[in-house]
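Written out below as structure tokens is the structure these notes cover.
Bear in mind that the values here come from a model prediction, so they are computed numbers and not experimental data. Sequence positions, counted from 1, serve as the residue numbers for this chain. In listed order, ligands and their atoms are each counted from 1.
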Amino acid sequence: MSTAIDRMTGLRPVVLTGDRPTGGLHLGHLAGSLAERVRLQETCDQFVLVADLQAMTDNAGNPAKVAEAVPEVVADYIAAGLDPTKSTMFLQSGIPELSELTMLYLNLVTVSRLERNPTVRDEIRQRGFERDIPAGFLCYPISQSADITAFRATKVPVGDDQLPMIELAQEIAIRVNRLGGSEILPRPEAVLSAVTRLPGIDGLGKASKSLGNAIQIGDPADVVREKVRMMFTDPNHLRVSDPGRVEGNVVFSYLDAFDGDVAAVADLKDRYRAGGLGDSVLKRRLADVLEALLSPMRERRRAIGRDEAMAILAAGTLRARAVAAQTLVSVRSALGMPVLV
Ligand code: TRP
């Protein structure tokens with residue numbers, strides 16, 4: 001079997017990306033990062049990490065949630081089309097070298113630099129940590145820099161909220177290279193996905209598992225239909241004959257993201273704006289589109305159980321670890337760490 005590592009020539013760009021395992025993945029992930037990764041695996045050496053250590057930085061009181069989500073996330077990756085022979089999927093905590101790199105990088109970053117990270121600041125506010133910020137949480141961007149640099153990744157596909165993390169990884173790479181006196185770590189660049197954020201079915205914000213307003217990749221067909229039935233449309237579109245609003249209408253956002261027939265959707269928008277088109281017609285179309293998308297994914301998801309998902313992760317972790325271990329040797333040497341003989 002040809003694996004991602006076998007095909008590594010050093011010529012293909014290295015991609016590193018990943019997710020915190022706090023629940024299964026949803027259509028927002030699919031429209032944004034997952035579809036992009038399925039494309040990138042054809043042309044790049046792609047590493048996809050399940051960031052369980054990062055998830056623990058704000059879930060230390062609920063480790064079962066993280067542990068249970070790990071095989072879920074892997075099953076969703078496979079369902080969405082990630083191929084273990086093309087993408088190396090691995091578990092962050094299965095690579096102790098990442099933790100050692102983090103330990104070394106901690107000395108290259110100041111506390112005030114960490115406190116300035118706008119994404120971390122938002123998260124601290126959302127979680128109500130106030131003065132009781134877990135040290136691991138404040139430092140997770142350093143651990144994320146270890147994830148990125150360990151694989152010498154140059155492309156990091158992420159949402160714009162992750163830009164401060166990439167910036168920090170760039171700074172750390174520069175510091176390591178300067179200290180080591182050579183180009184040990186390449187400069188990682190963010191690759192922003194073009195898709196705008198998918199709204200939740202309630203239209204109140206972005207789709208999120210924890211808010212319960214997302215359609216999960218693993219949702220059964222009847223649950224998907226029910227979620228589509230409950231979707232927020234236009235509260236002033238009371239009678240079928242009334243003109244309806246397309247902007248802010250969640251059904252149209254999803255049709256834009258997932259219905260391949262752009263001309264038909266444009267026509268539906270015209271008819272909806274003019275009046276005379278009922279929500280139920282739109283919702284039936286969306287339910288059919290989503291069913292066509294999700295049913296093969298559901299099959300693939302069913303075909304791999306928890307054990308197989310964990311076995312895929314274990315094999316990927318073994319391959320990824322060998323790469324991270326090499327980088328660690330170079331970084332230790334660049335930073336002047338003693339060598340045991
Ligand atoms: N911070 C990312 C998230 O919240 C997950 C993540 C961890 C990640 N390590 C990474 C993403 C490295 C890109 C690269 O989803």
Side-chain angles (χ1 to χ4, degrees), residues 13-26 28-34 36-37 40-41 44-59 65-66 69-70 72-74 76-77 80 82 87-95 97-99 101-102 105 114 117-124 126-127 136-173 185-193 197-198 206-210 214 313 316-317 320 323-324 327:
V14 178
V15 173
L16 182 287
T17 178
D19 301 279
R20 293 181 194 175
T22 52
L25 304 179
H26 53 67
H29 296 109
L30 193 62
S33 56
L34 288 180
E36 174 92 7
R37 292 176 200 175
L40 284 170
Q41 70 180 348
C44 300
D45 288 323
Q46 178 165 252
F47 294 88
V48 182
L49 103 155
V50 181
D52 61 334
L53 287 172
Q54 188 174 121
M56 287 296 280
T57 64
D58 63 341
N59 285 285
K65 174 169 120 184
V66 175
V70 169
E72 291 287 310
V73 168
V74 176
D76 286 334
Y77 287 162
L82 285 186
S87 293
T88 300
M89 293 169 248
F90 69 95
L91 185 65
Q92 191 182 30
S93 69
I95 304 187
E97 287 80 1
L98 294 176
S99 296
L101 272 180
T102 302
Y105 292 170
L114 293 171
N117 185 309
T119 298
V120 171
R121 288 172 80 106
D122 281 350
E123 288 173 322
I124 287 171
Q126 285 160 12
R127 287 161 179 69
F137 189 81
L138 191 66
C139 296
Y140 88 71
I142 298 183
S143 148
Q144 188 160 336
S145 299
D147 301 336
I148 293 166
T149 55
F151 299 93
R152 313 174 55 77
T154 54
K155 290 179 179 229
V156 189
V158 283
D160 53 7
D161 62 319
Q162 297 292 302
L163 288 175
M165 315 303 166
I166 316 293
E167 209 175 286
L168 184 68
Q170 290 168 347
E171 289 172 18
I172 289 175
L185 301 173
R187 179 185 171 88
E189 302 286 354
V191 182
L192 290 177
S193 82
R197 291 215 172 107
L198 200 67
K206 69 169 184 164
S208 138
K209 161 126 183 163
S210 55
L313 205 55
T317 303
V323 179
T327 306

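More than 12 non-hydrogen atoms from other residues, nucleotides or ligands lie less than 6.0 angstrom from CZ of Arg127.
Residues meeting the side chain to side chain contact (heavy atoms under 4.5 Å, CB included) test with Ala150, sequence neighbours left out: Leu98, Leu101, Ala324. Listed by chain and residue number, Thr119, Val120, Pro141, Pro164, Met165 satisfy the side chain to side chain contact (heavy atoms under 4.5 Å, CB included) test with Asn117 (two or more places apart in sequence, or in another chain).
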Can I get a per-line list of side-chain donor-acceptor pairs under 3.5 Å for residues 13-22, giving both atom names and the distance, sequence neighbours left out?
unit_1 : atom_1 : unit_2 : atom_2 : d
Thr17  : OG1    : Arg37  : NH2    : 3.4
Thr17  : OG1    : Pro157 : O      : 3.1
Asp19  : OD2    : Arg37  : NH1    : 2.9
Asp19  : OD2    : Arg37  : NH2    : 3.1
Asp19  : OD2    : Tyr77  : OH     : 2.6
Arg20  : NE     : Gln54  : OE1    : 2.7
Arg20  : NH2    : Gln54  : OE1    : 3.3
Arg20  : NH2    : Glu123 : OE2    : 3.2
Arg20  : NH2    : Tyr140 : OH     : 2.9

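Annotation for Gln92 and Leu53: closest pair OE1-N, 3.0 Å, computed over non-hydrogen atoms.
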Between ligand 1 and the protein, find all N/O pairs closer than 3.5 Å and give the distance for each.
unit_1   : atom_1 : unit_2 : atom_2 : d
ligand 1 : 1 (N)  : Gln54  : OE1    : 2.8
ligand 1 : 1 (N)  : Gln144 : OE1    : 3.0
ligand 1 : 1 (N)  : Gln162 : OE1    : 2.9
ligand 1 : 4 (O)  : Arg20  : NE     : 3.2
ligand 1 : 9 (N)  : Asp147 : OD2    : 3.0

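Using a 4.5 Å heavy-atom cutoff, the side chains of Tyr105 and Thr149 are in contact.
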